[in-house]
Amino acid sequence: MASASSCAIRCSRVSIRCSASSEGGGQGPHRSSNAVRVNGAAHRAPLQVGAALETSINRSLAELSAPVLTQPPPAGVGEERVRQNIPTEKQTVDPFRQALIVEGGVRYQQTLVVRSYEVGPDKTATMETVLNLLQETALNHVWMSGLLGDGFGATHGMIKNNLIWVVSRMHVQVDQYPIWGEVLDIDTWVGSSGKNGMRRDWLIRGRNSGEIFVRATSTWVMMNKVTRRLSKMPEEVRGEIAPWFIDRHAIEEEATEKIIKLDSNAKYVDSDLKPKRSDLDMNHHVNNVKYVRWMLETLPDQFLQQHQLSSIILEYRKECGSSDVVQSICQPDEDSILPQENVSMVIGPLLLPELITGHHSLAGALQQWPTKYTHLLQLKAGDKHDEIVRGRTTWKKKSHKAP
């Protein structure tokens, strides 16, 4: 005889369905041990997410199994904040995001899986995916701190002073791109940067190997939400974030590389780029991840098919809004061409220069491409061209091994 049991747990914020079944009264070769279904997915063993997180998940499920009495939100707490489940006190474990606060309660660590919509044709995560993961874990870190106000990562003190965070500089180094389905551990922490700035760093590791795939560092400053001008850091805000500072760097930068300004005489120019509504973030300006897409799409397709981005440095200068028109400019560093690789070629009529030139894919494969490029995004408004962001990219040849 087959027996089965099921349950459904509902509350105002979460819906969990679970079922357990056993064959032959729990005896014999078909016995199912610890078989639990969460939202229809079977898990026969606890997720390998660490003892502390596993304990917290079990406790959360136990609490959810108790009868739930609907209660109005606390006074002064809006419905949106309740739906977002924003804590008012510091959290050390987030079972829903598989995240922990570690290292004396200041460093954030999250475990996640690379999804199918986060990879490109070669099944590896794109640079846009990497940047989105960095942004998401940064916000989650603030969420667990209990400092998150109603803004895009803004603290309570920042909300009072009408301030928001804006990134002024970012440097990302990629040693290896994660692949579809790979489990990652992402660590992020913050530190001081001068009198009025904050530094945020990240490390992305493969959970199975422990190997570091990505290193990133960034500098953030405050901007007045109304005037859109940079602002000094109020002492109230400094008091909120200073206890979270760690004096450690994911990327050791001895000297900040200065990025030169390009003009429209550069080799690659893509004009009349227009933001879409979907490109805007919660601060109502174009998200910085979109900037990177505009930069990279200026490069030739043949180059992008054969190379992958290993380093990018971005210096942000100005916001971009939904009504702006953008020009993307790119100039290769000709002195960054690597020495020609040894290529065995059979001399014959099939490899005549005019035939190679006429065959675009073959010509692209044999062409020696620079490995470093300078980029500029600027606004187009008559004769005036305000800079949005300068960039420097470094590339390496793609590995042809299938992931």
Side-chain angles (χ1 to χ4, degrees), residues 43 45-54 93-95 97-104 106-141 144 170-191 199-218 246-254 257 289 292 296 304-314 338 371-372 392-403:
H43 299 278
L47 296 175
Q48 301 300 312
V49 294
L53 184 54
E54 185 179 334
V93 179
D94 183 356
R97 293 182 177 88
Q98 296 192 29
L100 297 167
I101 294 292
V102 296
E103 193 172 341
V106 291
R107 177 165 56 87
Y108 178 85
Q109 185 177 87
Q110 182 174 351
T111 301
L112 48 81
V113 180
V114 179
R115 299 169 175 84
S116 59
Y117 55 82
E118 295 175 323
V119 300
D122 56 359
K123 298 182 181 179
T124 64
T126 63
M127 177 55 75
E128 288 181 57
T129 294
V130 170
L131 292 173
N132 279 323
L133 292 177
L134 301 184
Q135 178 174 276
E136 182 66 15
T137 50
L139 288 172
N140 292 344
H141 188 192
M144 289 190 70
M170 178 169 283
H171 184 185
V172 182
Q173 293 179 345
V174 181
D175 294 327
Q176 182 178 342
Y177 283 88
I179 63 174
W180 174 37
E182 189 159 20
V183 182
L184 305 175
D185 283 334
I186 304 182
D187 289 79
T188 184
W189 63 94
V190 291
R199 194 193 71 251
R200 178 173 286 279
D201 291 54
W202 295 265
L203 290 177
I204 300 181
R205 293 183 176 89
R207 185 167 184 83
N208 291 335
S209 65
E211 182 180 357
I212 296 177
F213 291 165
V214 180
R215 300 173 183 270
T217 187
S218 61
I246 300 176
D247 187 16
R248 182 187 305 154
H249 298 261
I251 300 176
E252 294 293 342
E253 296 179 304
E254 295 183 359
E257 180 181 1
V289 177
V292 174
L296 302 187
L304 296 175
Q305 290 170 4
Q306 301 166 35
H307 297 79
Q308 63 181 192
L309 189 58
S310 61
S311 174
I312 184 169
I313 300 174
L314 300 166
L338 297 176
T371 58
K372 293 186 178 182
R392 285 278 293 170
T393 57
T394 304
W395 302 75
K396 62 182 179 182
K397 280 269 191 178
K398 281 186 178 178
S399 170
H400 294 289
K401 295 187 299 180

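The basis for the numbers below is simple: all heavy atoms, side chains too, and nothing from hydrogens, waters or symmetry mates.
- Partners of His307 according to the side chain to side chain donor-acceptor pair (under 3.5 Å) rule, which considers only residues two or more places apart in sequence or in another chain, do not exist here.
- Under the side chain to side chain contact (heavy atoms under 4.5 Å, CB included) criterion, Lys396 pairs with Gln308, Ser310, not counting sequence neighbours.
- Put simply, OH on Tyr108 and CG on Leu139 are 10.0 Å apart, with the number rounded to the nearest 0.5 Å.
- Heavy-atom minimum distance, Trp180 versus Val114: CD1-O, 3.5 Å.
- Taking every heavy atom of both residues into account, Asp201 and Ala250 meet most closely at OD2-N, 2.7 Å.
- For the atom pair NZ (Lys123) and CD1 (Ile179), the distance works out to 9.0 Å, reported to the nearest 0.5 Å.
- Under the rule for a side chain to side chain donor-acceptor pair (under 3.5 Å), the partners of Arg392 that lie at least two apart in sequence or sit in another chain are Glu257, Asp333, Thr374.
- For Val174, the side chain to side chain contact (heavy atoms under 4.5 Å, CB included) criterion is met by Met127, Val172, Tyr177, Val214, not counting sequence neighbours.
- Residues passing the side chain to side chain donor-acceptor pair (under 3.5 Å) test with Trp395 are Thr393, sequence neighbours excluded.
- The two residues Val119 and Ala125 have their closest heavy-atom pair at CG1-N, 3.8 Å.
- The two atoms that bring Ala99 and Met144 nearest to each other are CB-SD, 4.1 Å, heavy atoms only.
- Between atom OG1 of residue Thr124 and atom CD of residue Gln176 there is a gap of 10.0 Å, rounded to the nearest 0.5 Å.
- A 4.5 Å side-chain heavy-atom check between Trp189 and Leu203 finds at least one atom pair inside the cut-off.
- Note that CH2 of Trp202 is 13.5 Å distant from CD of Gln110, once rounded to the nearest 0.5 Å.
- Counting heavy atoms from C-beta outward, Val106 and Val190 have side chains that stay 4.5 Å or more apart.
- Applying the salt bridge (charged side-chain N to carboxylate O under 4.0 Å, His left out) test to Glu252 and every residue at least two apart in sequence or in another chain returns nothing.
- Here the CG-CG distance, from Leu112 to Leu184, works out to 5.5 Å after rounding to the nearest 0.5 Å.
- Checking each of Asp187, Asp175, Asp185 against Arg205 for a salt bridge (charged side-chain N to carboxylate O under 4.0 Å, His left out) leaves exactly one that passes, namely Asp187.
- Residues satisfying the salt bridge (charged side-chain N to carboxylate O under 4.0 Å, His left out) criterion with Glu103, sequence neighbours excluded, are Arg107, Arg248.
- Contacts of Glu136 classified as side chain to side chain contact (heavy atoms under 4.5 Å, CB included), with partners at least two apart in sequence or in another chain: Asn140.
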Determine, step by step, whether Arg199 and Thr217 satisfy the side-chain contact (heavy atoms from CB on, under 4.5 Å) criterion, reporting the C-alpha distance in whole Å, the side-chain angles of both residues, the deciding distance to 0.1 Å, and the verdict. CA-CA 7 Å; Arg199 194 193 71 251; Thr217 187; 3.8 Å; yes

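- A search for salt bridge (charged side-chain N to carboxylate O under 4.0 Å, His left out) contacts involving Arg200 returns nothing, not counting sequence neighbours.
- Minimum interatomic distance between Ile251 and His171 (heavy atoms only, all atoms of both residues): CD1-O, 3.6 Å.
- Evaluation of the side chain to side chain donor-acceptor pair (under 3.5 Å) rule for Thr394 yields no partner, not counting sequence neighbours.
- Residues passing the side chain to side chain contact (heavy atoms under 4.5 Å, CB included) test with Val183, sequence neighbours excluded: Thr111, Val113, Arg207.
- Leu100 and Val93 get closest at one heavy-atom pair: CD2-CG2, 3.7 Å.
- Sorted by first then second residue, the ring-ring contact (aromatic ring centres under 6.0 Å, His included) pairs that include residues 109-134, not counting sequence neighbours, number zero.
- With rounding to the nearest 0.5 angstrom, the CG atom of Leu296 is 7.0 Å from the CG atom of Leu304.
- Using a distance-only test at 3.5 Å, with no hydrogens or angles considered, a donor-acceptor pair links the side chain of Thr129 to the main chain of Glu118.
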